[in-house]
Amino acid sequence: MIHSLFLVNPSGDIFLEKHWKSVVSRSVCDYFLEAREKALDPEDVPPVISTPHHYLISIYRDKLFFLSVIQTEVPPLFVIEFLHRVAEMIQDYFGECSETVIKDNVVMVYELLEEMLDNGFPLATESNVLKEMIRPPTILRSVVNTLTGSSNVGDKLPTGQLSTIPWRRAGVKYTNNEAYFDVVEEIDAILDRTGTTVFAEIQGVVEACVKLSGMPDLTLSFMNPRLLDDVSFHPCVRYKRWESERVLSFIPPDGNFTLMTYHVNAQNLVAIPVYVKHSINFFESGSGGRLDLTVGPKQTMGKTVEGVLVTVHMPKTVLSVSLNATQGSYTYDNATKVLVWDIGKLNPQKLPNLRGSLSLQTGAPKPEENPSLNIDLKIQQLAISGLKVNRLDMFGEKYKPFKGVKYITKAGKFQVRM
Amino acid sequence: MTDSKYFTTTKKGEIFELKAELNSDKKEKKKEAVKKVIASMTVGKDVSALFPDVVNCMQTDNLELKKLVYLYLMNYAKSQPDMAIMAVNTFVKDCEDPNPLIRALAVRTMGCIRVDKITEYLCEPLRKCLKDEDPYVRKTAAVCVAKLHDINAQLVEDQGFLDTLKDLISDSNPMVVANAVAALSEIAESHPNSNLLDLNPQSINKLLTALNECTEWGQIFILDCLANYAPRDDRESQSICERVTPRLSHANSAVVLSAVKVLMKFMEMLPKDLDYYGTLLKKLAPPLVTLLSAEPELQYVALRNINLIVQKRPEILKHEMKVFFVKYNDPIYVKLEKLDIMIRLASQANIAQVLAELKEYATEVDVDFVRKAVRAIGRCAIKVEQSAERCVSTLLDLIQTKVNYVVQEAIVVIKDIFRKYPNKYESVIATLCENLDSLDEPEARAAMIWIVGEYAERIDNADELLESFLEGFHDESTQVQLQLLTAIVKLFLKKPTETQELVQQVLSLATQDSDNPDLRDRGYIYWRLLSTDPVAAKEVVLAEKPLISEETDLIEPTLLEELICHIGTLASVYHKPPSAFVEGSRGVMHKRLPARTGSGESTESPDVGTIAGGSGTETAPSIIPSQGDLLGDLLNLDLAPPTTTGPPPPTSGMQMGGMDLLGGGLDSLMGDESEPLGGDIGGSAAMGAGFGAVPAVMPASLNAPMGGGLGDLFDLGGGVGMPLGAYIPPKTVWLPAMKAKGLEISGTFARRAGVIQMELTLTNKAMSVMTDFAIQFNRNSFGLAPAGPLQVLSPLSPNQTIEVSLPLSTVGPVMKMEPLNNLQVAVKNNIDVFYFSCQYPISMLFVEDGKMERQVFLATWKDIPNENESQFQIKDCHLNSDAASNKLQASNIFTIAKRTVEGQDMLYMSIKLSNGIWVLAELRVQTGNPNYTISVKCRAPEVSQCVFQCCEAVLKN
């Protein structure tokens, strides 16, 4: 099972270590740091590294490496999932996951890690349970604690720990009972030079924020559940009901959680909301080239496309750009060779355009590789797959909750080849 | 108010100040001080000096303070075992606390204090906690058993905790069940043969019930445990599958993959015509696709597993090609894996799409990725015949880009396409020749030379082209040199009139100016062939080549089956059986897929039978030694009159015809096996297989340092000052080329001047150069381990053979093997990792100072109980007792005394093994009787058999 955890910052310093079995010398991280040196990008460090006596499994999240050490055969996915859980827990407790925040709360992080694993076996990873054991810091509480000498550590056994619904604590009370669901869809797509879709799929997720008293039993149904043939659920969802009736029936955890993720990959169901007209030419002489980009709306179901951001990874030899944008602003980072064009809202009447010249390093030949273009965008009040929530019913409690559903579509890995 | 304040230090010295604060009367100050200590600990500072002061804070009602002290204790108890005892009382007291949280905390922490003395105190509280009324305590105690087992396995067994743990599998609380399963699995890993997880239909049913109710992590443990169960028939198999399927929709990817493992394994038992079988196949695809939209690290592990699944059951994902398309911002490790799977899924139906993608990738920035993409195009051409033409034209387009590494990769794969589809695409040769000058990598150069030689008759200026390479002959790598030699000989055979000069030039370069024995040998063979019988030469060199196989780098079926059983584990990420590399798994526990039972139905499809048959026959990686010995003996006989050790220096010009260069065997060999020797060395894996068909005879008869006459010559050169005539068994083939992608390893063990040597002969029978050799041993009975790295300094070219001597130490990790002298070895090269096992003669472990004092001998002999004595017969040995004694002495079997009773010589001998075990023996030799009797006595009776075998081998050689 998981033996140790090291947190490593981008410059390679280990700033926290936790051992769940015997202490493993931090020199074991040298193998990792070596691999880190070799990789061009921190994201390219291989997640599983073998060393003579240990295996190192790491994730890269929020510019930090979470590096775990294992000694015996352990499912790597189990380790990786757990590491993501650690990152989420830190985010959840302290509002962000960064070196500073962890250092500022080092003892609490350490206590939390101790609660999460025992001898490398997961003990309590549900945010609800953890928060009962160790209360998250608030300014008020720390003031009170200093005055009264009481502590952040709960001395009662968390109620959720052993019930068959470990994700929910008992005795939840709210004055305003509310349940919000966000249907968030991300479009992953690759478009080729001519604008034809090479590949497209939708990654959807239903995020919930449920603040309901007692033990509510919810049922969420969709207008068109047939869309969903590839789903994964939060453990609270009753799979049998889904299989037979295509409704989500569950006792929700308290607070924020991911109810369900789904995946739509039938090509004809995936609408591509924007198109890009692009041309990039380099002169045969090799001294420079021209770039011309236009972005326009395509299948938007009548909604406005906002937050459009175009990122172009230029060939290595492009030294500088001199462009003119009809809308928004652009920046070019010579170190990373990344051109970013922040367009904002897309106006169908007046399409934004970016054109101008590129200059290459003197003497450099005409670049061989093709640049690639990534697009970011957002469409409010639309789930591009067409998924719609039908209704939400609550059983088990008497009060009337306030309910809300929000839709949003974003670009995930949306790539256009040039 | 942040914790960073804990890191600020003052001039006076941190430890000093903390000490004062820890001993303060104020609770709050104490707590702050402990927090400071913990903060220092988390960043790796040594604060162990504060041990007594921190432990003093342990007796407190404040739970947070208590937990903090516990955290400290767990980290430092091991370095201060005596002090740690101070904490025991508090623990024992806490285990009786009315609050279950405190009880659980105490038992949990106690298990983490890895000090022997503490474990004794732990037993009683642990026993109580395992039966605690509160499930939270029971579940914590279950894990504690695993902890304790890790520290002191014997204690756990003696105290009967394992049985209690087994009982917990039937606990009413699913969380307790899950933890008990997890703990048992971990313990079982260190006891591969123990039947800890005794799975039967009842316990399986309990596990399946708990599966629905426990946490996501518990589900992983339960699923992994289920995967080890062997259902009785297809009906049970189906019902388990049905209950596991819902897990495929779990948000936790580890749960999903573990469920996939169970389904993949149990599916094997379902009849293929069953409706449910098809349903199940369909259900497997979506969750696998979903895994690919997760974080890149998860994707990587998923892709490695999908790679296995696709090889085992391509039908599952055959329609999902597009999800494997590479995205620009995928990390490189994801890109490379996706590419691999794309090729595996390529078929006639989707080849157009795949090729368009691959072409796109070939213009990306990352060089490694681009290279692999170009190679992939070649693999598609070979795999999908209908696409070959399109692939070739795509490759030509890429060659036009003139990007150096793209061109070189393209030429290497085009060579393979030529081999697969002869006489089809030769029109492109002209284009290839244009790029001759830009090739600077050996593999590409060799490929180009092969093409020129193979199609010499169609290339007008083939002689000029080859001549241009010849100028820098000595600077080329061996691979290129060999290829050039072959190509020019081919050219000569095709156009004899114009190229006589060229062929003479290359032959003399190869035979006279080269230090490389392979090159020289090949040169001589051609030379002789050409001078004696040009017609035969033509038949040999221009022989029809075997076609190369369609699919390269497929995982070997038995390994694949085993890996399918290990989906989701490290083994599946590395594509190696767990026994080969995971330190923790002591001993080999090969898992295999269950065979289909068919349960009495006669409509079994024919391939079902083959699957069942395939998994039934044991294809153990070890080589049967007896067979090897036989081969060795044969060779010894052959070599009895020592022939010349190497080829004689060439006499004038081409007059070598009459001289019997390589002994009589060669001619017949060439006659029989003309094909593999013939010409083409730049071919394929099939080539290696062709060579493999002549097992070891070729290399062995050329330069075999065997036990026989010739061998001794080499041995003398190898080890100066070795005891005269120490017995060295003949080399046997440990790893045939068929099993190791063309690498053949044969070897033996020797003890020279007190150093154990593993003597290996590595032969490259594949088409590509092998480099980066390394060797590793599994734990073994006597702790044999390499004392240094495997010294293969220069790359091993195709058909090259080298001798390596690897010194061994006996200080490696120990594990008892069956048989005792079994050694499992992993050899790595740039191509892959290969495994084999061999048996070493135990005489290698007999140390030089094994001569016992007579008195000690007598006393020891009496001391060892009689039941430890075993008697053996050595038959047909015609030595007198003195000769026998000398012979044995050379192998460190020392005669201490000799007695003659009634014409019977009794030799008393002692042996000391490298691990300090003494073996005493009595050898009875009756004059005139060729049968000896030997009695062996040892405190470890299991070595007796091995010792006897050694004595016999020594005496008979």
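Lettering of chains follows the sequences in order, A, B, ..., and the numbering in each one begins at 1. This structure is a prediction, so every number in the text was calculated from the model and none was measured.
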Discussion item. Using heavy-atom distances under 4.5 Å, tell me whether B:Thr401 contacts chain A through its side chain, its backbone, both, or neither.
Written reply: neither
Worksheet item: What closest approach, in Å, do B:Gly568 and A:Pro76 show between heavy atoms, and which atom pair accounts for it?
Response: O-CD, 2.9 Å
Discussion item. If we ignore hydrogens and angles and just use 3.5 Å, is the side chain of B:Tyr574 paired with the main-chain N or O of A:Ser50 as donor and acceptor?
Written reply: yes
Practice prompt. Give the minimum heavy-atom separation between B:Ala251 and A:Glu81, together with the two atoms involved.
Written response: O-OE2, 4.0 Å
Fill in: Heavy-atom proximity to chain A below 4.5 Å, by part of B:Val573
side chain
Worksheet item: Quick one: what part of B:Val323 sits under 4.5 Å from any heavy atom of chain A, side chain, backbone, both or neither?
Response: both
Worksheet item: Which answer fits B:Lys283, side chain, backbone, both or neither, if we ask what part of it has an atom under 4.5 Å from a heavy atom of chain A?
Response: side chain
Worksheet item: Between B:Gln219 and chain A, which part of the residue has a heavy atom less than 4.5 Å away: side chain, backbone, both or neither?
Response: neither
Item to complete: Could you tell me whether B:Lys322 and A:Glu201 make a salt bridge, using a distance below 4.0 angstrom between a side-chain N and a carboxylate O?
Response: no
Discussion item. Looking at B:Leu570, is its backbone amide N or carbonyl O close enough to the side chain of A:Glu73 to form a donor-acceptor pair, meaning the two atoms are under 3.5 Å apart?
Written reply: yes
Worksheet item: Under 3.5 Å, side chain of A:Asp44 to main-chain N/O of B:Ile332, donor-acceptor pair present?
Response: yes
Fill in: side-chain contact (heavy atoms from CB on, under 4.5 Å) partners of B:Glu186, counting only residues at least two apart
A:Met1, A:Lys21, A:Asn119, A:Phe121, B:Ala146
Fill in: Smallest separation among heavy atoms of A:Ser232 and B:Thr290, with atom names
OG-CG2, 4.0 Å
Worksheet item: What's the spacing between A:Glu17 CD and B:Asn75 CG if we round to 0.5 Å?
Response: 7.5 Å
Discussion item. Between A:Gln415 and B:Lys327 (side chain of the first, backbone of the second, donor and acceptor by atom type, cut-off under 3.5 Å), is there such a pair?
Written reply: no
Worksheet item: Atom CG in B:Asn212, atom NZ in A:Lys240: separation rounded to 0.5 Å?
Response: 6.0 Å
Response to the item:
If one checks every heavy atom of B:Tyr76 against chain A at 4.5 Å, the contacting part turns out to be neither
Worksheet, complete the sentence: CZ of B:Arg304 to CG of A:Leu77, rounded to nearest 0.5 Å, is 13.5 Å
Practice prompt. Taking all non-hydrogen atoms of both residues into account, name the closest pair between A:Val45 and B:Tyr333 and its distance.
Written response: O-CE2, 3.1 Å
Practice prompt. Show your working on salt bridge (charged side-chain N to carboxylate O under 4.0 Å, His left out) between B:Glu364 and A:Arg417 and close with a plain yes or no.
Written response: CA-CA 11 Å; B:Glu364 275 218 29; A:Arg417 289 175 179 158; over 6 Å; no
Worksheet item: With only heavy atoms counted, which part of B:Leu298 is less than 4.5 Å from chain A, the side chain, the backbone, both or neither?
Response: both
Worksheet item: In terms of the angle between their ring planes, are B:Phe221 and A:Phe78 parallel, tilted or perpendicular, with boundaries placed at 30° and 60°?
Response: tilted
Worksheet, complete the sentence: Okay, A:Val23 and chain B: the region with an atom under 4.5 Å from a heavy atom over there is side chain
Worksheet item: Does the pair A:Arg85/B:Glu216 count as a salt bridge with the N-to-O cut at 4.0 Å?
Response: yes
Worksheet, complete the sentence: Separation between NE2 (A:His19) and CG (B:Leu71), nearest 0.5 Å, reads 12.5 Å
Worksheet item: Does a side-chain heavy-atom distance below 4.5 Å link A:Asp192 with B:Glu360?
Response: no
Discussion item. With a 4.5 Å cut-off on side-chain heavy atoms, are A:Pro47 and B:Val301 touching?
Written reply: no
Discussion item. Between A:Glu111 and B:Lys35, does any side-chain N to carboxylate O distance fall below 4.0 Å?
Written reply: no
Practice prompt. Answer with yes or no after comparing the ring centroid distance for A:His313 and B:Tyr328 against a 6.0 Å cut-off, counting only values under it.
Written response: yes
